[in-house]
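Notes for the one structure printed next.
Throughout, numbering of the chain's residues begins at 1 and tracks the sequence. Counting starts at 1 for both ligands and their atoms, following the listed order. Source: prediction; values computed, not measured.
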Amino acid sequence: MVKKETVFVCSSCGNEFSKWAGQCSACGEWNSLKEVKSLGKPINGNRINKSLGGVREVKKVSEIEMKSESITNIISTEIKEFDRVLGKGIVQGSVTLFAGEPGIGKSTLLTQLVGKVGGLYVAGEESAEQIALRVRRLGLNAQGFDIFESNSVEEIEDYLNRVNNLYKIVVVDSIQVIGCDNATGTVGSVSQIKESTFRLVQLAKKLKVAMFIVGHVTKDGDIAGPKLLEHMVDTVLYFEGEKNGELRILRANKNRFGPTDEVGIFKMTDKGLLDVKSEDLNLVTDDTSKIGSAVTVLVEGTRPVMVEIQALVVESFAPMPKRVFAGVDFNRGQLLTAIAQKSLGMPLYKYDVFVSVTGGIKIDDTGADLAVLAAMWSSYKEKPLGQNPSQTLPLTGQGLKQNLPVFVGEVSLLGEVRKVKFWEKRKKEAEAMGKKLVEIKNVREIK
Ligand code: TYD
Ligand code: MG
């Protein structure tokens, strides 16, 4: 059989097909398949050699000189929480994907980084004036802060090659608006994003510059980029939080040079993102036990955080009762609702259930299960938790002032409560706040 010389490439998602079709079967876009010459081998094959300037040689480990600086050359971000997430700081020549939902504060934090350490900010989305305005408003050092307005990998390559070694840090904001000549598809399409990232990674390694590539993620967490790029880069950071809340959490999903179990916690203020100290992590300021409220201790990275979970369980008039969870995973919430119905005997099939977490924290910790159930139970029974009939403390407002119980535990399908990791740490945190962990074996004991 004669080998086909052309392939059809979707200009929207970048997938290749051997036959033409009216609709791309990968992304569903209509009329997006374009006929292009097949190169017979991956386009990247040649270019690696070219960009590194020469023919590849096999290297013997024994002959590879270990430059001690290549490992120890770590630059501090001068932002405490940022350093904590990275391990020690930024490793020279490393590439970091900085992902998060639009508007969460990616540009703000990276502007602060360049404003402290100095470097180049490649502005693909915003104008130089907008960024300069932010630099001044946040009171950052404008001296070492250079801005390069560009949407093209070739321009970035050209500029950085010319100013060889001028910058230690380069921020590219964002990969969704950076394109390169030899990839198919429009800027922002999968093929463009992949190719541009590949080229930027090559460039960073060659120039030994630490590069931060911003990538937007959608609400569902992937689409259009970051997930596809994780394997290409050294470090993947996710910046998350509720846009309306002030708390932001920086997590390392992958880290070739440091831990992945640490998180950085920031507060978005009018002066930009500020570090939040461990002592200030208590998000429960009210000491009264309220109807529909339960306190729990989460562990973010390695640090305990006390948060309040609120539930509203109200009779439903809809054919399908509503289930709304803010800060709690939807499937986990559904499961806990079912456990509440079975093990706590709450007739939730005729009740709407709303659950939310204070401080805009997204819970990714089964240790909060018990608190979610306790809050639902309290709302359903219209009774504050931890109410002790023999106690004669006066009711303050609608709540009860006394030692607030703290609910920590993973709940099984059968309603059994299990201890979770960092139990002792959570217990200590609760005690430090003058509260006690509730120790029960089954959700039926919630009171
Ligand atoms: P931004 O960094 O532009 O988000 P991203 O790059 O992730 O899309 O942040 C945008 C939001 O941050 C915007 O809603 C305003 C807010 N913000 C502050 O509250 N304080 C500040 O000092 C700055 C710079 C932004
Ligand atoms: Mg931005």
Side-chain angles (χ1 to χ4, degrees), residues 77-82 85-86 95-117 119-142 145-152 156 169-179 187-188 192-193 196-197 200 211-227 229-230 233 235-253 263-276 280 359-362:
T77 61
E78 291 176 39
I79 302 173
K80 229 177 117 218
E81 295 292 302
F82 208 152
V85 177
L86 290 173
V95 180
T96 303
L97 176 65
F98 198 93
E101 283 173 30
I104 206 70
K106 300 182 293 299
S107 306
T108 308
L109 190 59
L110 292 172
T111 305
Q112 286 177 234
L113 172 69
V114 178
K116 296 212 171 189
V117 187
L120 179 73
Y121 200 102
V122 179
E125 290 184 5
E126 290 161 287
S127 69
E129 285 74 25
Q130 279 174 309
I131 291 166
L133 192 73
R134 192 184 290 160
V135 172
R136 297 226 174 85
R137 204 172 56 74
L138 297 179
L140 297 165
N141 170 22
F145 201 121
D146 287 0
I147 304 171
F148 185 58
E149 284 176 324
S150 174
N151 296 91
S152 139
I156 301 171
I169 293 180
V170 173
V171 170
V172 179
D173 189 1
S174 70
I175 195 65
Q176 269 92 359
V177 298
I178 303 281
V187 171
Q192 282 282 349
I193 287 180
S196 301
T197 307
L200 291 173
M211 196 178 275
F212 286 82
I213 302 177
V214 174
H216 296 291
V217 290
T218 57
K219 268 264 178 231
D220 342 317
D222 43 26
I223 313 286
K227 277 271 178 272
L229 310 177
E230 291 188 345
V233 297
T235 304
V236 180
L237 301 181
Y238 273 88
F239 204 33
E240 35 179 72
E242 276 300 320
K243 254 176 264 170
N244 302 328
E246 60 171 12
L247 229 51
R248 299 284 185 278
I249 295 185
L250 186 64
R251 260 178 233 285
N253 240 27
V263 299
I265 305 183
F266 298 91
K267 230 172 18 182
M268 180 62 101
T269 68
D270 55 353
K271 293 193 180 59
L273 288 152
L274 303 183
D275 286 340
V276 177
D280 300 336
I361 285 210
K362 282 186 193 151

Side chains of F145 and T111 in contact at under 4.5 Å (non-hydrogen atoms): yes
Nearest-neighbour protein heavy atom for atom 3 (O) of ligand 1, which is reported as residue plus atom name and distance: R134 NH2, 3.6 Å
Ligand-side contact atoms (ligand 1) for residue partner P102, heavy atom cut-off under 4.0 Å: 8 (O)
Backbone of E101 reached by a side-chain donor or acceptor of K106 within 3.5 Å: yes
Proximity of T269 to ligand 1 by residue part, where a heavy atom lies under 4.0 Å: backbone
Heavy-atom nearest option to atom 4 (O) of ligand 1, drawn from G105, S107, G272: G105
The Mg ion (ligand 2) to nearest N/O/S of S174 less than 2.8 Å: no
M268 contact mode with ligand 1 (heavy-atom cut-off under 4.0 Å): side chain
Residue, atom name and distance, where the atom is the protein heavy atom closest to atom 13 (C) of ligand 1: G103 O, 4.6 Å
Of the listed options K267, R137, K271, closest to atom 21 (C) of ligand 1 (non-hydrogen atoms): R137
Any protein heavy atom < 4.0 Å from atom 15 (C) of ligand 1: no
Side-chain donor or acceptor of T96 paired with backbone N/O of F98 under 3.5 Å: no
Atom indices of ligand 1 within 4.0 angstrom of L138 heavy atoms, with elements: 22 (O)
Heavy-atom check, side chain of L237 versus side chain of L86, under 4.5 Å: yes
Any side-chain heavy-atom pair of T108 and M268 under 4.5 Å: yes
Sole candidate of V177, V187, I156 that passes side-chain contact (heavy atoms from CB on, under 4.5 Å) when paired with N151: V177
Short side-chain to backbone donor-acceptor contact, R137 and D270, under 3.5 Å: yes
For atom 2 (O) of ligand 1, the protein heavy atom that lies nearest, with its residue and separation: T108 OG1, 2.6 Å
Part of D270 with heavy atoms under 4.0 Å of ligand 1, whether side chain, backbone, both or neither: backbone
L140 vs Q112 side-chain heavy atoms within contact, under 4.5 Å: yes
Proximal ligand 1 atoms for E101, defined as those under 4.0 Å from one of its heavy atoms: 7 (O)
Mutual orientation of the aromatic rings belonging to F266 and F239 [parallel < 30°, tilted 30-60°, perpendicular > 60°]: perpendicular
